Student: 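Submitted below is the structure of interest, expressed as structure tokens.
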Number of protein chains: 2
Amino acid sequence: MSGVHSPPSKDRSATHDCYLRLRAMILTGDLTPGHKLKIEELRSLLEIGASPVREALSLLTSDLLVERMDQRGFRAASVSKSNFEEILALRCILEEKALRASLAASNSAWEETLVLCHHRMKKAAQEDSSGFEDAHRAFHMALIANTNMPMLAHYCAQLYDLNIRYRNLAARGPNYRTRSVQNEHQDILDATLTGDADIAVRLLIEHYRNTGNYLSSQMDI
Amino acid sequence: MSGVHSPPSKDRSATHDCYLRLRAMILTGDLTPGHKLKIEELRSLLEIGASPVREALSLLTSDLLVERMDQRGFRAASVSKSNFEEILALRCILEEKALRASLAASNSAWEETLVLCHHRMKKAAQEDSSGFEDAHRAFHMALIANTNMPMLAHYCAQLYDLNIRYRNLAARGPNYRTRSVQNEHQDILDATLTGDADIAVRLLIEHYRNTGNYLSSQMDI
DNA sequence: AAGTAAAGAAATATCGATATTTTTAAGGAG
DNA sequence: CTCCTTAAAAATATCGATATTTCTTTACTT
């Protein structure tokens, strides 16, 4: 999961490669919040020219993971309690709408996708495989993706990743699974398959709030 | 308003300058949706090197105004009816929350800002000055800005600009003001100053829906 | 001693040239 | 005639070097 070492991958552009690696490093916390991102430093770390590095950093500002200061370079986005709380609040607002819209357009293909995503996530959690993070993300994104609103999905994904960053910062190591998270996921899935929007939304939001409170409690910022 | 000719401004970076100019060109419609943005072309148009152009284009992807296709360059973001409708829907969702939060934190300083913004907007509309666009934006952003949620404000601003782009594309010339828009603004202001959140929100959303329907009707996409 | 100005160092931003990839066009086989 | 391969052109992406700006340190004045 460490973004530093990845296949040279000759069929992706250096910029994109660079983007993915820096992104992973910021999300995992390898690059700490507020850390100055010097071009020359990254250039030698990633063994690549300055242009791809700069362009990748510019792209990362889209994701709110990098802050750009004109003439003064880049830094990893800063963090704060209020920022964390805003992310949580926005997720609750947007995912409620997204989940309701998805449920309104419910069909068996979507339901089956959900069941599959949930199954894979459970399995990954049991195996303690490194695939849990991806599976977890896939499950949550699938929940809200059954709607023709790509921008809404984009915002949700962005907020999801920002939240993951805080989780990684709060506890660099996944003792996350030890909570009742698995049960909560199961309940969300069940309510969604039943088609009860109010219950599903309530459970999803409670799930986020629970995680949020848990993270807040062991956050030192 | 044409973004092509602007002061050389030696105290801003070439990249930032480039960013602002390209941004204006896309918002006004000078650069049409889907149009291929060739580096060499822009390089000679803006009389600047390729690096700032590329970096500016990367930054514009943040604003959803430029689409980046790895190894295949950039293009002005495409438009569609469904995209327009999604922008409208998202604005209604987010601005409702933002306006309610602003009202919940209401104070006289904010109220006075609103009165001022509204006054300036009215004046600009009467004078047919080119400042109307900016004043209009300022008024709407002020309505939702009385809250400590910078990301929410950011999303709203982003969606506002995307909507403006559609307005400019639908009618390249502001016959916009001829509708009952001024009255609607007045009513929104009054309800907000009264502090009645439900009414203010309803009027604001109706305002957006009205504009949306009007634009939809004379859109050819 | 504190504040300021100048010099030096470090880092960013930009340029021009080149390598790489994609797109277009042309040729040839089945 | 169509499809596949290949050559040429165009455009993107990347590099290495340089110019510009910001940051740091030092020296000087009051």
Side-chain angles (χ1 to χ4, degrees), chain A residues 3-23 25-26 31-63 65-78, chain B residues 3-23 25-26 31-63 65-78:
Chain A
V4 182
H5 301 291
S6 38
S9 72
K10 260 297 185 198
D11 54 349
R12 293 265 170 243
S13 72
T15 295
H16 193 242
D17 222 56
C18 200
Y19 166 78
L20 292 176
R21 293 166 70 184
L22 288 173
R23 188 171 204 281
M25 284 193 275
I26 293 172
L31 290 173
T32 57
H35 184 264
K36 188 76 197 298
L37 301 172
K38 294 179 196 169
I39 305 294
E40 185 54 33
E41 219 169 78
L42 298 177
R43 207 201 60 69
S44 59
L45 171 68
L46 304 175
E47 289 171 305
I48 208 149
S51 310
V53 170
R54 289 188 62 84
E55 211 170 311
L57 290 172
S58 292
L59 290 172
L60 282 165
T61 62
S62 309
D63 303 333
L65 291 173
V66 164
E67 288 162 11
R68 182 197 162 88
M69 304 125 86
D70 205 52
Q71 313 274 63
R72 247 167 266 186
F74 304 83
R75 60 179 46 196
S78 57
Chain B
V4 182
H5 301 291
S6 37
S9 72
K10 260 296 182 199
D11 54 350
R12 293 266 169 243
S13 72
T15 295
H16 193 243
D17 222 57
C18 200
Y19 166 78
L20 291 176
R21 292 167 71 185
L22 289 173
R23 189 170 204 282
M25 285 193 275
I26 293 172
L31 289 173
T32 57
H35 184 264
K36 187 77 197 297
L37 301 171
K38 294 179 195 167
I39 305 294
E40 185 55 32
E41 219 169 77
L42 298 178
R43 207 200 61 69
S44 59
L45 171 68
L46 303 176
E47 290 171 306
I48 208 150
S51 311
V53 171
R54 289 188 63 84
E55 210 168 312
L57 290 172
S58 293
L59 290 172
L60 283 165
T61 61
S62 308
D63 302 333
L65 292 173
V66 163
E67 288 162 10
R68 181 198 164 88
M69 304 125 85
D70 205 52
Q71 313 273 63
R72 247 167 267 184
F74 303 84
R75 59 180 46 197
S78 58

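Hydrogens, waters and symmetry mates play no part in the numbers below; they use all other heavy atoms, side chains included. Naming: A, B, ... by sequence-line order, numbering from 1 per chain. This one's a predicted model, so the numbers in the text were calculated from it and none came from an experiment.
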Student: Going 5' to 3' through nucleotides 10-17 of chain D, assign each nucleotide B (protein heavy atom under 4.0 Å from a base atom), S (under 4.0 Å only from sugar-phosphate atoms) or - (no protein heavy atom that close).
Tutor: -SSBBB--

Student: Donor-acceptor pairs under 3.5 Å, side chain of residues 47-56 of chain A to any protein atom, not counting sequence neighbours: which ones?
Tutor:
residue	atom	partner	partner atom	Å
Arg54(A)	NE	Glu55(B)	OE1	2.9
Arg54(A)	NH2	Glu55(B)	OE1	3.4
Arg54(A)	NH2	Glu55(B)	OE2	2.9
Glu55(A)	OE1	Arg54(B)	NE	2.9
Glu55(A)	OE1	Arg54(B)	NH2	3.4
Glu55(A)	OE2	Arg54(B)	NH2	2.9
Glu55(A)	OE2	Arg68(B)	NH1	2.6

Student: Can you list the residues that meet the side-chain contact (heavy atoms from CB on, under 4.5 Å) rule with Arg23(A), with sequence neighbours excluded?
Tutor: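 Partners of Arg23(A) by the side-chain contact (heavy atoms from CB on, under 4.5 Å) criterion, ordered by chain and then number, come out as Tyr19(A), Leu27(A), Leu60(A), Asp63(A), Leu65(A), Asp161(A).
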
Student: Using the side chain to side chain contact (heavy atoms under 4.5 Å, CB included) rule, take Asp17(A) and Leu46(A) through it: C-alpha gap first, then chi angles, then the decisive distance, then the call.
Tutor: CA-CA 10 Å; Asp17(A) 222 56; Leu46(A) 304 175; over 6 Å; no

Student: Distance-only check: which donor-acceptor pairs under 3.5 Å involve side-chain atoms of residues 34-42 of chain B, not counting sequence neighbours?
Tutor:
residue	atom	partner	partner atom	Å
Glu40(B)	OE1	Arg43(B)	NE	3.4
Glu40(B)	OE2	Arg43(B)	NE	3.4

Student: Can you list everything that forms a side-chain hydrogen bond (donor to acceptor under 3.5 Å, both in side chains) with Ser62(B)? Sequence neighbours excluded, please.
Tutor: Ser62(A)

